Amino acid sequence: MTAPVGCQLIGRWRIIEADLWDRGYLNLSGPAMITIGGDNNGEIAFGALHAGLDLSYSPSIVHFTWGGCDEMDEVTGDGHAELLDDGSIEITFAYHNGDEAILKAIRHTSSTA
């Protein structure tokens with residue numbers, strides 16, 4: 001795996017839309033999120049899916065393989081996330097031998113009320 005030096009995608013991102021699913025499904029089990037860690041690991045959760053990511057980095061793109069559970073079934077796949085000009089990321093998310101989806105996410109900002 002490559003090191004995350006200069007990668008602009010490290011952090012937590014809120015998934016706000018997808019080409020295959022509506023927002024209600026994306027947020028089925030809580031806010032749809034992807035976390036891109038600086039230690040070659042991350043996670044993604046949306047709908048009934050929760051998966052760990054194995055990451056490789058470039059400054060504006062992260063490639064990953066993933067494995068986890070979707071509706072209690074083990075699932076795997078791969079994909080990548082790319083930084084867009086507007087500061088959001090576009091995630092290509094593919095299930096092994098299954099669907100491929102395009103997701104859009106914005107940087108997660110936490111509020112301290």
Side-chain angles (χ1 to χ4, degrees):
M1 290 287 155
T2 57
V5 176
C7 182
Q8 301 173 53
L9 283 79
I10 293 172
R12 196 169 159 114
W13 299 81
R14 176 87 163 87
I15 300 168
I16 58 169
E17 64 184 61
D19 63 345
L20 294 182
W21 307 289
D22 65 22
R23 196 154 185 168
Y25 176 76
L26 287 175
N27 298 314
L28 183 67
S29 297
M33 303 290 286
I34 184 170
T35 302
I36 299 171
D39 60 354
N40 297 102
N41 293 296
E43 66 180 309
I44 189 167
F46 64 86
L49 173 97
H50 187 263
L53 306 176
D54 186 14
L55 303 163
S56 63
Y57 309 86
S58 74
S60 61
I61 299 176
V62 173
H63 295 274
F64 56 84
T65 56
W66 62 269
C69 290
D70 191 354
E71 295 183 5
M72 300 187 60
D73 292 325
E74 285 188 40
V75 288
T76 62
D78 61 11
H80 66 275
E82 181 174 359
L83 186 64
L84 301 177
D85 290 339
D86 67 1
S88 67
I89 58 174
E90 182 176 274
I91 306 159
T92 301
F93 188 85
Y95 286 82
H96 180 70
N97 293 327
D99 291 334
E100 180 176 299
I102 305 296
L103 311 170
K104 183 175 182 177
I106 56 174
R107 193 167 294 275
H108 179 70
T109 55
S110 60
S111 64
T112 54

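Sequential numbering from 1 along the given sequence is applied to the chain's residues. Keep in mind the model is a prediction, meaning the values are calculated, not measured.
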Q: Indicate, with yes or no, if L53 and I61 share a hydrophobic cluster defined by side-chain heavy-atom contacts under 4.5 Å among Ile, Leu, Val, Met, Phe, Trp and Tyr.
A: no

(Q) Show the nearest heavy-atom pair for residues L9 and A81, with the distance to one decimal. (A) CD2-O, 3.5 Å

**Q.** Parallel, tilted or perpendicular: ring planes of W66 versus Y95, cut at 30 and 60 degrees
**A.** perpendicular

(Q) So for atom NE2, which belongs to H96, do other residues, nucleotides or ligands contribute more than 12 heavy atoms lying within a distance under 6.0 Å? (A) no

Q.
How close do L103 and A18 get, counting heavy atoms only, and between which atoms?
A. CD2-CB, 3.3 Å

Q. Taking the side chain as C-beta and beyond, is there a heavy-atom pair between W13 and H108 under 4.5 Å?
A. no

Q: Could you tell me whether a side-chain N or O of N40 sits under 3.5 Å from a main-chain N or O of L55, the two making a donor and an acceptor?
A: yes

Q) Got a second to check how far T92's OG1 is from D19's CG, nearest 0.5 Å? A) 9.0 Å

Q: Report the distance from atom CG of L20 to atom CG of L26, rounding to the nearest 0.5 Å.
A: 9.5 Å

Q.
So L49 and F93, do their side chains get closer than 4.5 Å, heavy atoms only?
A. yes

(Q) Is any side-chain heavy atom of I89 closer than 4.5 Å to one of I34? (A) yes

Q. Do I102 and V75 sit in the same hydrophobic cluster, where Ile, Leu, Val, Met, Phe, Trp and Tyr count as joined when their side-chain heavy atoms come under 4.5 Å apart?
A. no

Q: Might you point out which heavy atoms bring S58 and C7 nearest each other, and give the distance in Å?
A: O-SG, 3.4 Å

Q: In sequence, state the C-alpha distance, the side-chain angles, and the governing distance for N27 and R14, and then conclude on side-chain contact (heavy atoms from CB on, under 4.5 Å).
A: CA-CA 10 Å; N27 298 314; R14 176 87 163 87; 2.9 Å; yes

Q: Of all the heavy-atom pairs spanning A45 and H50, show the shortest one and how long it is.
A: CB-CD2, 3.6 Å

Q: Answer yes or no: is there a side-chain heavy-atom contact under 4.5 Å between I16 and R23?
A: yes

Q: Work out which heavy atom in I91 is nearest to a heavy atom in A105; give both atom names and the distance.
A: CD1-CB, 4.1 Å

Q: Could you check if a side-chain atom of I10 sits within less than 4.5 angstrom of a side-chain atom of Y57, using non-hydrogen atoms only?
A: yes

**Q.** Nearest non-hydrogen partners of K104 and S88, listed with the distance
**A.** CE-OG, 3.2 Å

Q. Is it true that Y25 and I15 fall in one hydrophobic cluster, defined by side-chain heavy atoms closer than 4.5 Å?
A. yes

(Q) Would a single hydrophobic cluster contain both M33 and I44, if residues Ile, Leu, Val, Met, Phe, Trp and Tyr are joined by side-chain heavy-atom contacts under 4.5 Å? (A) no

Q: Give, for atom CD of Q8 and atom CD of E82, the distance between the pair rounded to the nearest 0.5 Å.
A: 11.5 Å

